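Okay, structure first, notes after.
Both counts, for ligands and for their atoms, begin at 1 and track the order of listing. Computed from a prediction, not measured in an experiment: that's the story for all the values here.
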Amino acid sequence: METAIDSANKEANGISLSEKKVTVVFVLGGPGSGKGTQCANIVQHFGFTHLSAGDLLRAEIKSGSENGTMIQNMIKDGKIVPSEVTVKLLQRAMQDSSNDKFLIDGFPRNEENRAAFESVTGIDPEFVLFFECPEEEMERRLLSRNQGREDDNIDTVRKRFKVYMESSLPVIEYYIAKGKVRKIEAAKPVKEVFEAVKTIFTPLKEKELYLIDCKKPVELIEAAMEMETEQQLSTCRGAEAVLNLQPASSVSIAYHSLFGPHDDLVLLELDEKLLPDVLHNSLMKMQFFVLRPKHMPLSMSEPPTLYCLYRLQINHCCVEMHKILMRKIVSRNWWHQSSKWHLVSWKLFEVAPRIDRLKMLLSENPYRFDDALMSEELDEMEKNNTRLYSWSDLIDKVQASADELRSGLQALSAVEIDGYWRIVDENYMDGILNMLLHNSVLNDWSLNGLNEAEVVGVLQSDGFPCEIAHHCLQVYGSKMDDGMWRLDEKRVCIHFARGILRGGKIRMDNFMVEWMRKIPEEMQASFDMLTGEVLTEKLGIETWVYAFSVSSLPSAPAERFSMLFRERPKWEWKDLQPYIRDLSVPGLSSEGLLLKYTRRTQPTPDAEPVFSAR
Ligand SMILES: Nc1ncnc2c1ncn2[C@@H]1O[C@H](COP(=O)(O)OP(=O)(O)O)[C@@H](O)[C@H]1O
Ligand SMILES: Nc1ccn([C@H]2C[C@H](O)[C@@H](COP(=O)(O)OP(=O)(O)O)O2)c(=O)n1
């Protein structure tokens with residue numbers, strides 16, 4: 001009968017394992033230190049294949065190999081079997097496996113083992129996991145192991161300890177010198193030991209990022225979630241466990257092998273109202289979408305810069321999604337292995353939506369007077385060529401929730417025209433606002449009580465499209481309870497200040513004269529309104545004013561601060577505050593932001609603090 005050793009011999013000239021690019025972790029420690037127990041956990045969570053040298057040798061005895069008796073006698077005596085035999089068994093097991101990540105447990109047990117493995121396979125271990133445990137504890141464990149092992153008797157155990165001290169410890173010292181040993185205190189309870197083991201394997205896993213593939217059958221996701229979370233969270237299972245995850249916490253989830261491998265990120269967006277449905281009834285209809293484009297940054301060290309999105313579909317019709325309950329980053333890897341489940345652990349980070357990107361996209365092609373004339377003639381082809389974005393295009397490109405996108409569009413004063421979201425050119429907005437004000441004088445309208453239908457009708461007859469007329473009311477006014485519109489003094493005044501300052505820096509007195517001249521009679525402008533819109537500068541005895549609008553600054557804090565300090569190396573708090581109050585960084589207070597990006601100095605205790613670049 002052909003044994004494992006015989007056939008491994010035959011294969012010795014086949015594909016070399018080093019060509020197969022395998023990852024090997026050696027697991028060492030005294031007999032009974034818990035190597036086998038922890039290896040089982042590592043396999044479950046990190047997708048390695050476990051190869052126990054002892055188990056392979058015992059299987060070889062059972063197989064009736066010609067070496068069987070020799071191996072049996074050596075084990076009974078606590079001795080180490082010749083490397084030739086053990087290395088071939090390991091080599092054969094690795095070659096037979098479709099996995100490329102192996103935990104080799106109980107090997108190399110002496111220098112000869114180590115050298116033979118190295119020269120036969122050419123493999124250098126990724127690292128060596130070393131379980132350190134006092135002898136009394138190991139002895140106690142071995143004598144109550146109850147696996148029917150012939151060598152778990154006090155005499156053999158003592159011999160094994162001696163061999164371990166004399167032959168195995170030098171191997172560990174060899175790897176310590178190479179900086180490869182990761183030591184674990186193994187005398188603690190199994191769970192605690194595994195916690196320590198996990199932290200060692202986690203950085204290894206983080207080298208790769210994976211995602212859920214939306215094209216795979218949904219039942220598999222659910223089944224997989226059920227399986228893993230059942231073990232992990234007794235009160236909270238399946239999709240519920242995922243949905244209930246708190247930011248910065250994590251849960252391990254298993255996916256069926258049909259899902260892998262993946263290399264992207266996922267984020268969850270879900271209408272709160274749908275939650276009960278999702279949790280109790282419609283689980284089978286869940287579908288996951290991946291919206292993160294390939295070019296997104298993958299750095300795990302800066303979670304707030306990562307954006308990912310996974311969406312929920314119910315009954316195969318896309319549901320309008322209102323609220324991000326959480327964003328999830330699949331932060332763990334996915335080892336290909338022969339067993340059918342793969343494991344992945346999710347970590348949640350709150351991330352900010354990419355509103356700068358929205359601004360950039362919409363600024364590519366603002367809506368101008370010409371568009372108003374051409375709108376009807378523009379066919380689909382032309383629209384594609386002129387970079388227009390519908391709601392769903394923006395959801396895809398901006399990676400914000402529906403709510404965030406809506407408020408981003410509002411902040412940019414964007415308007416939906418013919419199904420595409422547009423920023424309206426400033427000159428065009430100026431034209432329509434002036435026309436509205438002009439008509440209010442002609443028709444004796446009060447700016448505190450404008451009739452929508454009348455205003456829109458008149459503006460339309462002046463050649464402005466209906467959507468733009470409505471948009472003008474929305475941008476510069478607010479609708480009151482009685483259905484009438486009131487123009488907002490501040491917004492109108494800022495509009496005119498911006499218009500004047502578009503020409504560049506201007507002396508304060510000239511600016512004030514021109515500004516007052518533009519402002520409608522019913523309104524009162526005050527310079528305070530321009531906080532966060534303009535900066536002033538003393539040149540000799542004169543004060544000059546220039547546009548520096550918070551809305552034109554990037555929304556990412558690092559870029560924002562760098563822009564601010566480029567503008568002015570030192571800022572007093574009262575000047576700085578309007579330019580940073582809108583910054584919202586999940587998990588970081590405004591105090592935290594200042595600490596992170598600025599250096600604060602206070603010449604005397606009662607002087608105003610001054611902020612400069614850190
Ligand atoms: N951390 C631990 N605390 C208590 N008992 C343990 C622990 N780890 C393993 N054991 C038990 O000790 C015995 C030896 O563990 P095992 O994993 O077989 O060790 P090894 O593979 O290093 O010889 C087993 O019966 C196991 O259930
Ligand atoms: N590299 C190895 C590993 C194990 N053996 C033999 C000698 C060991 O005492 C037995 C049992 O090893 P195993 O790793 O299964 O068990 P313990 O860690 O000693 O509890 O197998 C060997 O000869 N060479």
*asked:* With a 4.0 Å cut-off on N to O distance, would you call R141 and E137 a salt bridge?
replied: yes
*For F107, the ligand 2 atoms whose distance to one of its heavy atoms is below 4.0 Å*: 1 (N)
*Using heavy atoms and a threshold below 4.0 Å, how should the contact between R145 and ligand 2 be classified: side chain, backbone, both, or neither?*
side chain
_Sub-4.0 Å atoms of ligand 2 with respect to non-hydrogen atoms of K79_ = 7 (C), 23 (O)
*asked:* Distance alone, cut at 3.5 Å: any donor-acceptor contact between the side chains of N99 and T49?
replied: yes
_Out of all atoms in ligand 2, which are within 4.0 Å of some heavy atom of D151? Include the element for each._
11 (C)
_If you measure every N or O of R145 against every N or O of ligand 1, does any of those distances drop under 3.5 Å?_
yes
_Could you check whether H45 and F194 have their ring centres less than 6.0 Å apart?_
yes
*Can you see which heavy atom on S33 is nearest to which on F131, and at what distance?*
OG-CB, 3.7 Å
*Which atoms of ligand 1 have any heavy atom of P189 under 4.0 Å away?*
1 (N)
*If you have a sec, work out which protein heavy atom is nearest atom 5 (N) of ligand 2 and how many Å separate them, to one decimal?*
L57 CD1, 3.4 Å
_Around atom NZ of K180, are there more than 12 heavy atoms from other residues, nucleotides or ligands closer than 6.0 Å?_
yes
*Where the side chain of R599 meets the backbone of R614, is there a donor-acceptor pair that is under 3.5 Å apart?*
no
*asked:* Geometry only, no angles: is G36 polar-contacting ligand 1 at N/O separations under 3.5 Å?
replied: yes
*Look at ligand 1 and say whether G29 reaches it with a heavy atom at a distance under 4.0 Å.*
no
*Measuring from the heavy atoms of M74, does anything fall under 4.0 Å of ligand 2?*
no
*ligand 2 versus V81, non-hydrogen atoms closer than 4.0 Å: side chain, backbone, both, neither?*
both
_Parallel, tilted or perpendicular: rings of F48 and F201 (30°, 60°)_ = perpendicular
*Any N or O of G106 closer than 3.5 Å to N or O of ligand 2*: yes
*Taking atom 12 (O) of ligand 2 as the point of reference, which of R160, R109, E112, Q147 owns the nearest heavy atom?*
R109
*Does CE belonging to M70 count more than 12 external heavy atoms closer than 6.0 Å?*
yes
*Is there side-chain contact between F561 and T598, with heavy atoms separated by less than 4.5 Å?*
yes
*Can you list the atoms of ligand 2 that are under 4.0 Å from a heavy atom of G32?*
20 (O)
*Would you say T37 and ligand 1 have an N/O pair spaced under 3.5 Å apart?*
yes
_Taking atom 5 (N) of ligand 1 as the reference point, the nearest protein heavy atom with its distance_ = R141 NE, 3.6 Å
_Test of proximity, N113 against ligand 2: N or O pairs below 3.5 Å_ = yes
*List every atom of ligand 2 that sits less than 4.0 Å from any heavy atom of R58, numbering the atoms from 1 in the order shown and giving each element.*
11 (C), 15 (O)
*asked:* Pairs of nitrogen or oxygen atoms closer than 3.5 Å, one from G34 and one from ligand 1: do any exist?
replied: yes
*Among E150, M138, R149, K35, which one has a heavy atom closest to atom 16 (O) of ligand 2?*
R149
*Heavy-atom gap G78 to ligand 2 smaller than 4.0 Å*: no
*Do R114's NZ or CZ and the ring of Y174 fall within the cation-pi criteria of under 6.0 Å and 45°?*
yes
_salt bridge (charged side-chain N to carboxylate O under 4.0 Å, His left out) contacts touching residues 40-51 (sequence neighbours left out)_ = none
_ligand 1 N/O within reach of G32 N/O, cut-off under 3.5 Å_ = yes
_Need the ligand 1 atom indices (1-based, order shown) with element for anything under 4.0 Å from a heavy-atom of K188._
1 (N), 2 (C), 3 (N)
*Backbone or side-chain N or O of K35 under 3.5 Å from ligand 1 N or O*: yes
*Going by heavy atoms in the side chains, are L51 and L103 under 4.5 Å from each other?*
no
*Find all atoms of ligand 1 within a distance of less than 4.0 Å from any non-hydrogen atom belonging to S33, and give their numbers and elements.*
22 (O)
*asked:* We want to know whether E112 and S83 form a side-chain donor-acceptor pair, criterion being a heavy-atom distance below 3.5 angstrom.
replied: yes
_So for atom CD, which belongs to E185, do other residues, nucleotides or ligands contribute more than 12 heavy atoms lying within a distance under 6.0 Å?_
no
_Heavy atoms only: which of I75, T156, I80, N110 lies closest to atom 21 (O) of ligand 2?_
I75
_Does K162 have more than 12 heavy atoms from other residues, nucleotides or ligands lying within 6.0 Å of its NZ?_
no
*With a 3.5 Å cut-off and no angle check, do the side chains of S65 and E60 form a donor-acceptor pair?*
yes
*Heavy-atom contacts under 4.0 Å between D105 and ligand 2: side chain, backbone, both, or neither?*
neither
